[in-house]
There are 2 protein chains.
Amino acid sequence: MTAGLDQSAIRRLNTSVALRALAVSAEPMTMTVLADQVGLSRRTIELILAALVEAGWVEELERVPVTGGAGRPPRRFRLRAKHALLAAVRVNTLEGAAVVSDVRGNILGRARRALREYHDPQSTLDDAADLVREALVDAGGTADRLRAGAIASGGAIDDDGVVRRLVFTEHWEGVDLPAELGRRIRIPWFADNDANLGALAEHWRGAASDHDDVVWAQLGSRAGLGILIRGSVHRGFEGAAGEIVEAASMLAGSLDDHPIAGLTSPVHEQRRFARARMDAARAEDLAALAEVDEFVEHIVSILTTLSWTIAPSLIVLSGGLEDAADVLLPRVRDRMRAARNPDIELRATSLGSDGPLIGALKFALDRMDTQLFGPVVHDA
Amino acid sequence: MTAGLDQSAIRRLNTSVALRALAVSAEPMTMTVLADQVGLSRRTIELILAALVEAGWVEELERVPVTGGAGRPPRRFRLRAKHALLAAVRVNTLEGAAVVSDVRGNILGRARRALREYHDPQSTLDDAADLVREALVDAGGTADRLRAGAIASGGAIDDDGVVRRLVFTEHWEGVDLPAELGRRIRIPWFADNDANLGALAEHWRGAASDHDDVVWAQLGSRAGLGILIRGSVHRGFEGAAGEIVEAASMLAGSLDDHPIAGLTSPVHEQRRFARARMDAARAEDLAALAEVDEFVEHIVSILTTLSWTIAPSLIVLSGGLEDAADVLLPRVRDRMRAARNPDIELRATSLGSDGPLIGALKFALDRMDTQLFGPVVHDA
DNA sequence: AGCATTACGCTACCTAGTAGCGTTTTTGAT
DNA sequence: ATCAAAAACGCTACTAGGTAGCGTAATGCT
């Protein structure tokens, strides 16, 4: 049962809306423009801005005459992006990477390093925390500015950030990522699957900014699907949503009598494809092209399943295939159309391998400002 | 970009919250109880109730001494459920059915009839409108009380209620169901796939009331999946979400090299299963049990695909299988567990064949009170 | 310098919450 | 019958947060 609201909810909400508008605009904004954009009176915006300046979230710039126009120059306000810093960290089987950004999501510092022992969650999380500290130094920031962080990890991660399944290892099962990281670096932490965060990133500032139901498909060396429904990550029961590819490899062998979209080991596919792609590019050689076609079929079978279950309006292909997009995408599109699948848009990632890290930043950012400014209103 | 809110939004929202609380409770409510439940002050509730009584949505009952307690007897308020009526209509290939309900969803009147010619959308929609009028008469209501309606139809229906795909016929493609019905009966109409509405019904007042990510699977004579994500219907691109079963039969033949979860014609399966079930029930005969197992495998293959793509927390099985649930469900559960799928809850429908109609009522109800009282706030 | 233009700073006012006081209506004990 | 306790009512006073719009300030143009 939803609860009623008092007026302070309105102010929190309107503050949040104003702040988001400021965050989106690269240029400083005037009160009048901001008021127009968020649909509130100038007076209200004036008061909200005063509070935000007071709190340090926004700074007022010196006035500058409007070029070409008459009239009193407006006051100009700009988000103080560095008022708060966000951390994102990602761990793979082999290495970890961290970034620190301002609240706009501008990446200010980075760190990257091979992990000591992935199968030991504790040492890996220690490494992750070190990476965050390193990235923070690289960003020239201090620990007290860090406001929130998120970790992108493989495997099925539930709504609370607990790892429920992870292929190739069982040591991570049950690890509470936010709690573990929170013990090492004392800020609120959030966790999600790297593919989900890849999708979120693409929606925030990538190829999917104009779609709300998105699947982000990483079909390279690490396979995984990320799902966005109505603009929010869909994790599914115990984080299993979109784990179809990993499920297939996990179940391989016992699976012959249960074909799931005809999947085979992604690692194997990847190797084969890498070779085939190079060959084809080099010589337009028929055998190599056949291998590309085989890989295309593999992709198409997954996308077909997606088309008739989740039916996103956009599928973003990722996973080190970006450079081969010109070869792959048209073929995949042709095959999808030939199979009479819904005419779902297909694009290559525009963020590359940074996707999950950027998504983690957005994830932390969303949670942070919901905490600070209250929930968002959706029209049903 | 979300817009800011003024105070009147709060009142609309709080009114809606109060009204929903009244709708949920079967008993009349007192101001104090209502205030407690929605988290607003008694005074605010008092004012909201006054407005609702004024508008006819709520009636005040005579006071009755509280049994067993001291103190002044409270004022008692009850939703005037019949202040507005809702219509729901459903069309199959062969017949149509309509119900008229009050805003609580109590069904007050019904009508049901064979359709003249399903392949002609216009005559079918005429029939649908007639059914609604008939059900209205049966309910003892008048046309001016009807406030909104919804239609449940097969096929892929997009967010605007336009039919995008329908197996076995092309005449329905592009038909704008809300517009067509609105021309015949002048209230706001909404449309959705019958399986989606089945899922919604189950969530509202059926087997899925305690889950928010639900798949409703009708695997009987008409096949179809309905999907609820975060409690709302997920339609997908051009309504294709969950059409995997129909897709398979549509593509059958050209599909051999693109196995989608090993599907075969649902009608065929259904016939086979009906026979098998009866045999098995009659004689525990081995051949019949083998056929049941075959059907179980068919279901399991679909559910497996669902488990790793959408990964709902609950799957509701429907489609005339209710009476066989005791035979089927344990077997399906065993096979799902054996295949190491996520341990997703499986239940039989509790609404039977009325599901889609009841879901259509809920759908109309939700749209109607969003229109009247504004959007709902979600915590992110 | 004077005027048009644009934005500012502010007062007055409205809506919709909350707090809580004094009153009313009841039950149960004396 | 009377009175205290209990429970809810009806209301006034107050606060928060919004809008309207007036008089003022700062600028460019002629």
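All of these numbers come straight from a predicted model, not from anything done at the bench. We use all heavy atoms of the structure for the numbers below, so side chains are in, but hydrogens, waters and symmetry mates are not. Chain letters run A, B, ... following the sequence lines, proteins first and then strands; every chain starts at 1.
- Nucleotide dT15(C) holds its P atom 18 Å from the CG atom of Leu5(B), rounded to whole Å.
- Across the protein-nucleic acid pair, Glu46(A) atom CD and dG21(D) atom P stand 17 Å apart, rounded to whole Å.
- Between Thr32(A) and dC8(C) there is a side-chain N or O to OP1 or OP2 distance below 4.0 Å.
- Applying the 4.0 Å criterion to OP1 and OP2 of dG18(D), one finds that Arg11(A) has a side-chain N or O inside that range.
- Comparing dT27(D), dG9(C), dA8(D) by their closest approach to the side chain of Pro74(B) singles out dA8(D).
- Between Asn14(A) and dG17(D) there is no side-chain N or O to OP1 or OP2 distance below 4.0 Å.
- Side-chain N/O atoms of Thr44(B) include one lying less than 4.0 angstrom from OP1 or OP2 on dT18(C).
- Atom C1' of nucleotide dT15(C) and atom CG of Asp6(A) are separated by 14 Å, given to the nearest angstrom.
- Between Glu60(A) and Arg75(A), at least one side-chain N (NZ, or NE/NH1/NH2) sits under 4.0 Å from a carboxylate O, which counts as a salt bridge.
- Base contact: Ser41(B) has a heavy atom under 4.0 Å from a base atom.
- Atom CD1 in Ile45(A) sits about 14 Å away from atom P in dA20(D), given to the nearest Å.
- Residue Arg42(A) is classed as a base contact, given a heavy-atom separation below 4.0 Å to a base.
- The shortest heavy-atom contact between Phe77(B) and Leu22(B) is O-CD2, 3.8 Å.
- Set against dT6(C), dT27(D), dG17(D), the side chain of Ile10(A) has dG17(D) as its closest nucleotide.
- Rounded to an integer number of Å, the gap from Arg72(A) CZ to dC3(C) P is 20 Å.
- Here Leu40(A) lies in heavy-atom contact (under 4.0 Å) with sugar-phosphate atoms only.
- Protein atom CG of Leu13(A) is 17 Å distant from nucleotide atom P of dA16(C), rounded to whole Å.
- The distance between atom CZ of Arg12(B) and atom P of dG17(C), rounded to the nearest whole Å, is 12 Å.
- Checked for salt-bridge contact, Arg230(A) and Asp212(A) miss the test: no charged N lies under 4.0 Å from a carboxylate O.
- Projected onto DNA chain C by closest heavy-atom contact, Arg43(B) and Met31(A) fall at different nucleotides, the more 5' of which corresponds to Met31(A).
- Taking atom CZ on Arg75(B) and atom P on dT24(C), their separation rounds to 16 Å, with Å as the unit.
- For Gln7(A), the listed nucleotide lying nearest its side chain is dG17(C); candidates were dG17(C), dT24(D), dG10(D).
- The phosphate of dA8(D) (OP1 or OP2) has no side-chain N or O of Arg76(B) nearer than 4.0 angstrom.
- Salt-bridge check for Asp158(A) with Arg235(A): failed, with every basic side-chain N at 4.0 Å or more from each acidic carboxylate O.
- Salt bridge status for Glu62(B) with Arg76(B): present, with a side-chain N to carboxylate O gap under 4.0 Å.
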